[in-house]
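On a predicted model such as this, the values are computed, not experimentally measured, just so you know.
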Amino acid sequence: GDKRNLEEAVGDAYGNLGRLFLRMKKDLPKARAAYEKSLEYYPFQRREGTRALGEIEVALGAPPVASGASARPAETVDG
């Protein structure tokens with residue numbers, strides 16, 4: 001419904017900020033923060049940020065987050 005669409009748009013906006021910080025600004029901490037925020041919104045762990053966060057962690061010298069780890073459970077907004 002409308003709430004899910006709004007959440008998806010907000011998550012997309014944070015994802016776009018993450019992409020901007022990562023690819024254009026080369027600011028890994030800001031990219032990580034934006035991508036992490038994007039995962040709080042529908043469709044949660046299915047967002048581009050999940051993959052990008054792993055790449056950022058490796059670039060920062062940290063071990064990548066285990067696949068399937070979630071900051072928020074994969075749930076539906078409508079339910």
Side-chain angles (χ1 to χ4, degrees):
D2 289 338
K3 183 177 178 183
R4 188 171 107 177
N5 291 337
L6 177 61
E7 281 219 6
E8 188 167 6
V10 171
D12 287 349
Y14 279 112
N16 290 337
L17 285 172
R19 195 172 308 112
L20 169 76
F21 288 126
L22 179 62
R23 297 191 180 138
M24 305 281 291
K25 303 290 185 182
K26 309 298 184 205
D27 188 332
L28 298 179
K30 284 186 180 179
R32 177 174 50 193
Y35 278 127
E36 285 174 345
K37 189 72 174 169
S38 78
L39 298 182
E40 295 177 15
Y41 296 92
Y42 180 86
F44 311 108
Q45 293 299 311
R46 293 186 303 268
R47 291 192 157 279
E48 171 190 349
T50 301
R51 179 187 48 76
L53 280 169
E55 294 172 10
I56 291 168
E57 294 303 317
V58 169
L60 289 172
V65 176
S67 179
S70 175
R72 179 174 175 181
E75 58 189 47
T76 63
V77 176
D78 295 330

side-chain contact (heavy atoms from CB on, under 4.5 Å) evaluation trace for D12 with R47: CA-CA 8 Å; D12 287 349; R47 291 192 157 279; 3.0 Å; yes
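- Heavy-atom minimum distance, G11 versus S38: O-CB, 3.4 Å.
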Stepwise side-chain contact (heavy atoms from CB on, under 4.5 Å) test for Y35 and R51: CA-CA 10 Å; Y35 278 127; R51 179 187 48 76; over 6 Å; no
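- One distance of note links CZ of R19 with CE of M24; it measures 12.0 Å at 0.5 Å rounding.
- Taken from CD in E48 to CG in L39, the straight-line distance is 10.5 Å, to the nearest 0.5 Å.
- The closest donor-acceptor contact from the side chain of K26 to the backbone of R23 lies under 3.5 Å.
- Here Q45 contributes atom CD and L53 contributes atom CG; the two are 8.5 Å apart, rounded to the nearest 0.5 Å.
- Heavy-atom minimum distance, E57 versus R32: OE2-CD, 2.8 Å.
- L6 CG to Y42 OH: the interatomic distance, rounded to the nearest 0.5 Å, is 14.0 Å.
- You'll find the side chain of K37 stays beyond 4.5 Å of the side chain of L17, heavy atoms only.
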